[in-house]
Amino acid sequence: MPLTQTPLPFDHRALEPYMSASTIDFHYGKHHKAYVDYTVAAIKGTTLEDASLQEIVRASRISHDVRLFNNSAQAWNHDFFWKSITPSAAPGPTGTLAEWLTRDFGGIEEFKNAFTQEAVAHFASGWAWLVLENERLRVTSYHDADTPLVHEGVAPIFTADLWEHAYYLDYQNARGSFLDAFLGYLVDWRGASGRLELAIHRGRHVELEELTL
Ligand code: FE2
């Protein structure tokens, strides 16, 4: 099936006031779209023309096609970001996710503090991630377009986009305020729980479609 931009899983106004329609329109409609458009144009007529987005990301990393890697990885990271947030967010994690966050961070608030610290301290553009690695939950951040897809043994649970285009219209330079809204009102804890259960039972070799329940 030809590669196209994955539909936004909610209305562009659905995350207000925590993420404005204007931010969504620029972020999804301009930034994310541009990454997909470049990728589609770059693979046309090549052996990757019918490949999945994940296959394109991994193949371009192996072949050192930096521009294709950056654009395809950004396309995948954005797909994952839109599935990491929801207009009907539960107030917090439950079940195994809550238990393991408490086990590995000392508590839910301690986890939120660790995630926020990682994200705020991350210099320049990139992504903050909650990941499962070696049976433990941990927070990390990757620069630019880097993605868990090319990190062995890392299964992503959810991500926060740290590029300024993700928050500047709503929060200007206050990345910490964006993270407070992200963790307090936007994270799809039910989806995160589903991805954790899949990662526990299937290992990291789960497909994006499975990780984005
Ligand atoms: Fe972005």
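Counting starts at 1 for both ligands and their atoms, following the listed order.
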*Are the aromatic rings of Phe26 and His31 close, with centres under 6.0 Å apart?*
no
*What's within reach of the Fe ion (ligand 1), meaning protein N/O/S atoms under 2.8 Å?*
His27 NE2, His78 NE2, Asp161 OD2, His165 NE2
_How long is the straight-line distance from OG1 of Thr23 back to NE2 of His165, given to the nearest 0.5 Å?_
10.0 Å
*Does any donor atom in the side chain of Glu197 or Thr96 lie under 3.5 Å from an acceptor atom in the other side chain?*
yes
*Distance flag, aromatic centroids of His78 and Trp127, threshold under 6.0 Å*: yes
*Given the side-chain rings of Trp129 and His151, with only the six-membered ring counted for Trp, is the space between their centroids under 6.0 Å?*
no
*Student check: side-chain heavy atoms of Phe81 and Trp76 closer than 4.5 Å*: no
